[in-house]
Amino acid sequence: MRYCRFQTDAGPQYGEVVDRSGEPWIERLLPPFEEDPWTALAGRPFQPIPLAAARLLAPVVPRKIVCIGRNYKDHAAELGNDVPREPLLFLKPSSSLIGPNEAIRIPAISQRVDFEGEIAIVIGRRAFAIGPDEDVRSYIRGYTIVNDVTARDLQKSDGQWSRAKGFDTFCPAGPVVTDEIDLLGEGAAIETRLNGEVKQRGHTLDLIFPVERLLRHISQAMTLEPGDLIPTGTPAGVSPMKPGDVVEITVQGVGTLSNPLIAAS
Ligand code: ZN
């Protein structure tokens, strides 16, 4: 199934997304997946609308966003870093989350804000200390696209990464969550474009630590909850953005996450 989260007159809602002659449409409302502060309208009459006509929100309401650093060899190399021996974890605050088409704001204190196109795991079931023989599939609700926006200069000068990757608007996500791609099987290709020019091309088959390993590793330390978001790392080709740019990340089967850039006022 594919679903989005979008704004309605009655507040944010989840909607199932289906293809109508090749175009994605929001077909019906779905109950909230997490404890959300709005009233569920699932089951009420709903007039289907094209996905492109909806005001999309980030398709998840995560309690935490657990990111993986340097999970593609070519990206580790382009920034002069060694490949980690174990998955390298960091957190982005949920306050950094925005939806498709919302503006990424470039803070005045940074001279270099980069995109990082990533495929992200969405957790569907509470997970703690997943065992070595346990099937991780039952914990995965699906996948979405994340832009792990990074103030590269502050990442270097701070030493640790919370501020550089944690500014408001630094975690665009969407447009949908889908379980129709299989990162445990054939994987998925990802492409990032800046103003239409291809900057990153990668495939999850090149992940240093694959999805199974990531979920087992993270869940030894922290309980994963429904809606938690795990961006799996970015391939080579990261580069800076400036106000007026548009950054697009495409994953076959998920769609395109597009966001404009503006200067923070
Ligand atoms: Zn990243």
Side-chain angles (χ1 to χ4, degrees), residues 1-8 10-19 23-42 46 48-67 92-104 115-126 139-149 168-183 188 190 192 204 211 215 224-232 247-260:
M1 186 180 68
R2 282 191 297 157
Y3 68 85
C4 68
R5 193 164 156 263
F6 66 113
Q7 193 61 256
T8 72
Q13 298 291 335
Y14 289 96
E16 183 174 0
V17 176
V18 300
D19 267 353
E23 286 299 310
W25 280 62
I26 305 176
E27 196 68 23
R28 65 184 180 101
L29 299 179
L30 296 170
F33 293 96
E34 305 93 6
E35 280 302 312
D36 284 325
W38 63 81
T39 310
L41 297 182
F46 174 72
I49 54 169
L51 190 66
R55 201 186 128 203
L56 292 179
L57 306 168
V60 286
V61 185
R63 295 195 187 174
K64 57 190 170 300
I65 303 166
V66 187
C67 300
K92 276 170 106 80
S94 53
S95 49
S96 63
L97 206 59
I98 57 171
N101 307 313
E102 286 190 74
I104 300 165
F115 56 78
E116 292 190 359
E118 308 197 5
I119 299 174
I121 308 161
V122 177
I123 295 296
R125 195 160 69 87
R126 199 163 184 271
Y139 296 105
I140 300 171
R141 183 189 297 154
Y143 302 96
T144 191
I145 304 169
V146 159
N147 191 341
D148 174 22
V149 180
D168 287 1
T169 75
F170 271 26
C171 193
V176 303
V177 174
T178 181
D179 61 5
E180 292 165 3
I181 61 171
D182 181 14
L183 263 53
I190 184 164
T192 308
T204 57
V211 165
L215 291 180
L224 293 169
E225 318 224 36
D228 281 355
L229 192 59
I230 305 173
T232 55
V247 60
E248 296 169 291
I249 306 165
T250 297
V251 174
Q252 194 74 43
V254 184
T256 295
L257 172 65
S258 176
N259 297 91

Kindly indicate, with the supporting measurements, whether the criterion side chain to side chain contact (heavy atoms under 4.5 Å, CB included) is fulfilled by Leu51 and Val176. CA-CA 10 Å; Leu51 190 66; Val176 303; 4.1 Å; yes
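- When the options Ile249, Val149, Val146 are evaluated for a side chain to side chain contact (heavy atoms under 4.5 Å, CB included) with Pro172, the one that passes is Val149.
- A distance of 8.5 Å separates OH of Tyr3 from CG of Leu30, quoted to the nearest 0.5 Å.
- The OH atom of Tyr139 sits 12.5 Å away from atom CD1 of Ile230, with the distance rounded to the nearest 0.5 Å.
- When the options Leu97, Val66, Ile123 are evaluated for a side chain to side chain contact (heavy atoms under 4.5 Å, CB included) with Leu229, the one that passes is Leu97.
- In terms of heavy-atom proximity, Ser95 sits nearest to Asp168 at O-OD1, 3.6 Å.
- Here Glu180 contributes atom CD and Met1 contributes atom CE; the two are 9.0 Å apart, rounded to the nearest 0.5 Å.
- Side-chain contact between Leu29 and Tyr14 is absent, with no heavy atoms from C-beta onward closer than 4.5 Å.
- Between Glu118 atom CD and Ile145 atom CD1 the span is 11.5 Å, to the nearest 0.5 Å.
- Considering every non-hydrogen atom in both Gly174 and Pro100, the closest pair reads CA-CG, 4.3 Å.
- Of the possible donor and acceptor atoms, none in the side chain of Ser94 sits under 3.5 Å from a partner among the backbone N and O of Lys64.
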What's the verdict on side chain to side chain contact (heavy atoms under 4.5 Å, CB included) for Val211 and Ile140, showing C-alpha distance, side-chain angles and the deciding distance? CA-CA 10 Å; Val211 165; Ile140 300 171; 3.9 Å; yes
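- Note: Ile26 CD1 to Phe6 CZ = 4.5 Å, rounded to the nearest 0.5 Å.
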Could you walk me through whether Gln7 and Leu57 satisfy the side chain to side chain contact (heavy atoms under 4.5 Å, CB included) test, starting with their C-alpha distance in whole Å, then the side-chain angles of each, then the deciding distance to 0.1 Å, before giving a yes or no? CA-CA 7 Å; Gln7 193 61 256; Leu57 306 168; 4.1 Å; yes
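- A side-chain donor-acceptor contact under 3.5 Å links Lys92 to the backbone of Phe170.
- Looking at Asn259, its side chain never comes within 3.5 Å of a backbone N or O of Val247 through a donor-acceptor pair.
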Should Thr178 and Val17 be marked as a side chain to side chain contact (heavy atoms under 4.5 Å, CB included) after you check the CA-CA gap, both sets of side-chain angles, and the distance that decides it? CA-CA 9 Å; Thr178 181; Val17 176; over 6 Å; no
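- Between the Asn147 side chain and the Ser258 main chain, no donor and acceptor come within less than 3.5 Å of each other.
- The side-chain heavy atoms of Val18 and Pro24, taken from C-beta on, include no pair separated by under 4.5 Å.
- One finds the CZ atom of Arg2 at 11.5 Å from the OG1 atom of Thr144 (value rounded to the nearest 0.5 Å).
- For Arg28, the salt bridge (charged side-chain N to carboxylate O under 4.0 Å, His left out) partners are Glu16, not counting sequence neighbours.
- Taking 4.5 Å as the limit, some side-chain heavy atom of Arg141 sits within range of a side-chain heavy atom of Pro226.
- Here Asp179 pairs with nothing under the salt bridge (charged side-chain N to carboxylate O under 4.0 Å, His left out) rule; sequence neighbours left out.
- With a 6.0 Å radius and a threshold of 12 heavy atoms from other residues, nucleotides or ligands, Arg125 has its CZ atom above the threshold.
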